[in-house]
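Input: a single structure, listed below in structure tokens.
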Number of protein chains: 2
Amino acid sequence: MQPADNFEIGARIRAARERVGLTQAALALQVGVTRSAVAQWETGRAGQVGGHLAQIAAVLGLGIDHLLRGGAAQSLAQEFGERALTGDELALLRLYRNCQADDRTILLRMARRFSQIEEK
Amino acid sequence: MQPADNFEIGARIRAARERVGLTQAALALQVGVTRSAVAQWETGRAGQVGGHLAQIAAVLGLGIDHLLRGGAAQSLAQEFGERALTGDELALLRLYRNCQADDRTILLRMARRFSQIEEK
DNA sequence: ACGATATGTGAAAAATTCTAACGGGTCTAT
DNA sequence: ATAGACCCGTTAGAATTTTTCACATATCGT
């Protein structure tokens, strides 16, 4: 694989990671490597991310095709209403599901406060 | 990645190769490796097929998701597909979509704080 | 200024991948 | 029965890659 491709994969990893609000250390923890491995992926030092592709894609809410090829790969077309879920929305859902019930209540209340929908 | 996963990837490579009528040597030629590398992929000896995924998928007419995961690959969406979204999760998504960008950031950060996936 | 946090990078250890070579099974022609 | 062609499985090790560790720099809040 060309070095330029590696850099582009790394750039997509970084963009997705920042979009879901993770640090390199957080992504590394969820994938199962050290932070500097993630840094090297993102700066194109690694030849390719090899055996961690599926895990990276899952954590970041990306399709593997998108990770490898870029473009508008839509493996993530999860329908909600008429729009697919974005990466940050999937991240929010994953995090929310791992919250305790009272913390979920707090999150919902805050979302209501912030939201521009009036609820009756 | 678990050895069983490697074997399953190899089994999918072999099934697709036979379906398109190629020998190991022919596949190796088109991908750009030696025949024994292909044999090792198919018998699960290689950790994973790493940098050749896209090439193998192209030659065999497979999606990369299918190669890695098998089945009707749905990437991360399956995790949520297995469990339908609950009412509060739908509410959270709806509210989140109607938030401003900086409020979304706050919600994500709080979700990360509450979540038991928290790093560090 | 200081501490915490996030990230980039050099060097080297650790791991992996691939090649070359060997061996075995099957099939066909002689 | 034998030889040759073809296909594939496996081993050992060279080559390459990946990951870790440790250090450095920048930014931000106090």
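All of these numbers come straight from a predicted model, not from anything done at the bench.
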> CD1/I9(B) to CZ/R14(B) distance, rounded to the nearest 0.5 angstrom?
Replying inline: 14.5 Å
> Any idea which heavy atoms bring L107(B) and A111(A) closest together, and the distance?
Replying inline: CD2-N, 3.8 Å
Between N or O atoms, less than 3.5 Å apart, protein on one side and nucleotides 14-17 of chain D on the other: list the pairs.
none

>> With a 4.0 Å cutoff (strictly under), does any side-chain N or O of R45(B) reach OP1 or OP2 of dT11(D)?
In response: yes
> To the nearest Å, how far apart are L53(B) CG and dT16(C) P?
Replying inline: 16 Å
> I13(A) CD1 to dT7(C) P: how many Å, rounded?
Replying inline: 14 Å
>> Output the rounded distance in Å from CD1 (I56(A)) to P (dT19(D)).
In response: 8 Å
>> If you compare every side-chain N and O of W41(A) against the phosphate oxygens of dT19(D) (OP1, OP2), does one of them come in below 4.0 Å?
In response: yes
> Of all heavy-atom pairs between Y96(A) and R104(A), which one has the smallest distance, and what is that distance?
Replying inline: O-NE, 3.1 Å
> Between Q24(B) and dC6(D), is there a side-chain N or O to OP1/OP2 distance below 4.0 Å?
Replying inline: no
> Going through the checks in order, is the side-chain contact (heavy atoms from CB on, under 4.5 Å) test met by V20(A) and L92(A)?
Replying inline: CA-CA 8 Å; V20(A) 302; L92(A) 179 69; over 6 Å; no
> Which residue pairs pass the salt bridge (charged side-chain N to carboxylate O under 4.0 Å, His left out) test when at least one of the two sits in residues 15-34 of chain B, sequence neighbours left out?
Replying inline: R17(B)-E42(B)
>> Rounded at 0.5 Å granularity, tell me how far CG in L53(A) sits from CD1 in I13(A).
In response: 7.5 Å
> Under 4.0 Å between a side-chain N or O of R17(B) and OP1 or OP2 of dC7(D)?
Replying inline: no
> Nearest-Å distance, CG (L22(B)) to C1' (dC8(D))?
Replying inline: 15 Å
> Between residues 28-40 of chain B and DNA chain D, which residues have a heavy-atom gap below 4.0 Å?
Replying inline: R35(B), S36(B), A39(B), Q40(B)
> What residues, two or more places apart in sequence or in another chain, satisfy side-chain contact (heavy atoms from CB on, under 4.5 Å) together with R35(A)?
Replying inline: Q24(A), A25(A), A39(A)
>> Please determine whether a side-chain nitrogen or oxygen atom of H52(B) lies at a distance below 4.0 Å from atom OP1 or OP2 of dC18(C).
In response: yes
> Under the side-chain contact (heavy atoms from CB on, under 4.5 Å) test, which residues partner Q30(B), sequence neighbours left out?
Replying inline: L22(B), V59(B)
> T23(B): what forms a side-chain hydrogen bond (donor to acceptor under 3.5 Å, both in side chains) with it, not counting sequence neighbours?
Replying inline: none
